[in-house]
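Worksheet for the structure shown next.
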Amino acid sequence: MRSLYLRIVIASFVTVVISLGAFVAIGRRVVGSAIEHLVDGAYTVQLDEAIAAYQRGGAGELAQFTHRMDEALQATHYLVDADGRDLVTGTDRRRLLDDTPKTTGPHVDGDTFVYVRTSADGHYHLVAVGAPPFTLWSFAPFYFLVLASIFLVSWWVARSIVPPLRTMSTVAERFGAGDLSARVTHAPANEIGTLAGVFNGMADRVQTLLQAERRLLQDVSHELRSPLARLNFSVELARTATDPGAALDRIQDDVDLLSTLVGELIEMTRAEGDPTARGRGPVDLHDLIGEVHRTCAREAEPRGVRVTVSGDVAPTLDGDRELLRRGIENVVRNAVRYTPDDGVVDVQVANDTDRVRIAVRDAGPGVPDAELERIFEPFYRVDASRDAAAGGIGLGLAIARRAIEVHHGTVAAENAHPGLRVTIALPMSARKASQDAA
């Protein structure tokens, strides 16, 4: 049987049937024995009372006594002597004595039960004849009701288990067939729901890895085409150039650009890769910003650009230190790149109630308002010729945004008039954010 639905229902139904059979057997053995003992005791007392009534008042008083017993116990009672003669009417009742097994408890024969209780001296027998108060079939409606109820409960349990599993199976098939957006959207709040959450988390990580790989291939094919074409052209020129040194310088420039581009692409892929593959730990954000400040200040010094840091001391967060450093450094380095000579790049750190804000402002020309969101897209340049002159390839801010988002932070840009201000916000609860990102 391959249907889990039917297996659950049938297994529950069979379990109930077996349980009912066991309950009936136990009931007949335990309860039946107790009832027989109770009946024997009661009829022993009735036998003594009947004998006493007969001895006091003869057949007349005995008849009145047995009549009261008949009405009270819904059966016909006879007091007979050792030979089976009815002491009220004189009728021969020997057949009742002979046909009744010499065992305790009533003897049921078809739709009639006969019970015989004998006095201690064997001279008297109290005989009760009547219809059984109940049979096994008397419980049939109740058994049916119990079975029907259990069947409905089993059906409900099966419905609560099987459909979610079928849904997960369908989603898994879609995901395996290439639909990377397939997710379990509705799941019960139990172990199946936990399994669905684990599947969705796994699917998110797989989708992230595959999309990063696809994006890398697309970006490489798109961005390497022009440098390779120029490099090939430079090689051809070098073969015929009268000044080989100048031709080799052009080749070196293209090689350096290719090296930078490949390094940025690899860093972008790492930032978009599986968060669980990166190491996390305590990050002293104040120390990290100090390191970024020193690095960027050295790069800005030849142009006379100053990098200043002000504001509160940032707290210690839990996260990927290298990824955070790369993200913040890319923002500051981008500000240095577009700040005019002898200008100032201002880095301000502020602690809010639940977030740390790092605002980086340059002294450059700013960005058109319509382009503020797009500057965080990979390979996007507001002015391609200006970016090329500044040495940018359009990946720095994209890497920064991904690095911050992995830590459940945000990054946004606005024109500061003059210059551009890029604000990074990181949650204080970075430990939880890092775990959720994984």
Side-chain angles (χ1 to χ4, degrees), residues 2-5 7-8 157-223 264-281 283 317-324 326-327 373-374 376-380 395 397-412 424-427 429-438:
R2 302 185 62 182
S3 174
L4 181 60
Y5 200 112
R7 291 178 66 180
I8 292 175
V157 170
R159 277 188 57 85
S160 66
I161 295 176
V162 176
L165 292 178
R166 288 177 176 171
T167 299
M168 290 186 60
S169 176
T170 301
V171 172
E173 288 180 359
R174 288 173 50 201
F175 190 83
D179 183 4
L180 299 182
S181 65
R183 298 292 187 275
V184 181
T185 56
H186 301 287
N190 52 27
E191 287 78 0
I192 297 178
T194 301
L195 178 60
V198 172
F199 172 84
N200 287 342
M202 178 201 69
D204 289 339
R205 288 191 290 272
V206 171
Q207 183 180 24
T208 298
L209 291 171
L210 291 178
Q211 287 180 343
E213 181 181 357
R214 293 173 181 175
R215 186 177 294 113
L216 175 62
L217 293 176
Q218 293 172 355
D219 293 342
V220 167
S221 63
H222 177 270
E223 293 296 324
E264 294 287 348
L265 286 171
I266 293 175
E267 188 64 33
M268 185 68 181
T269 303
R270 287 176 179 172
E272 293 186 330
D274 186 3
T276 61
R278 294 186 294 269
R280 286 186 167 79
V283 179
L317 305 178
D318 283 355
D320 185 332
R321 188 183 192 283
E322 180 59 25
L323 196 58
L324 279 174
R326 181 70 185 216
E373 286 296 327
R374 300 194 63 189
F376 296 101
E377 297 177 5
F379 299 107
Y380 181 77
L395 280 176
L397 292 182
I399 294 173
R401 181 175 67 175
R402 183 53 186 157
I404 299 304
E405 288 179 349
V406 163
H407 291 80
H408 278 208
T410 59
V411 58
I424 298 171
L426 291 169
S429 55
R431 180 184 298 275
K432 180 179 185 300
S434 298
Q435 292 173 349
D436 292 342

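Sequential numbering from 1 along the given sequence is applied to the chain's residues.
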Checklist entry - Looking at Phe376 and Val411, what are the two nearest heavy atoms and their distance? => result CE2-CG2, 3.7 Å
Item to check | Heavy-atom pair of closest approach, residues Val184 and Ala196 | outcome: CG1-CB, 3.7 Å
Next on the checklist: Once rounded to the nearest 0.5 Å, what's the spacing between atom CZ of Arg205 and atom CG of Asn200?
Outcome noted: 10.5 Å
Checklist entry - side chain to side chain contact (heavy atoms under 4.5 Å, CB included) with Ile404: which residues, sequence neighbours excluded? => result Leu324, Ile424, Leu426
Checklist entry - So, Ser169 side chain and Leu165 main chain: donor-acceptor pair closer than 3.5 Å or not? => result no
Checklist entry - What's the shortest heavy-atom distance between Phe199 and Met168, and which atoms? => result CB-CE, 4.4 Å
Checklist entry - Do His407 and Asp320 come within less than 4.5 Å of each other through their side chains, counting heavy atoms only? => result yes
Item to check | Heavy-atom closest pair, residues Gly327 and Ala400 | outcome: O-CB, 3.3 Å
Next on the checklist: Rounded at 0.5 Å granularity, tell me how far CZ in Arg401 sits from CD in Glu373.
Outcome noted: 8.0 Å
Checklist outcome for this item: Closest non-hydrogen atoms of Leu180 and Phe175, given as atom of the first, atom of the second and distance, are O-CE1, 3.6 Å
Item to check | Qualifying side-chain hydrogen bond (donor to acceptor under 3.5 Å, both in side chains) pairs with a residue from residues 171-183, counting only residues at least two apart or across chains | outcome: Arg174-Asp179, Asp179-Ser181, Arg183-Asp204, Arg183-Gln207
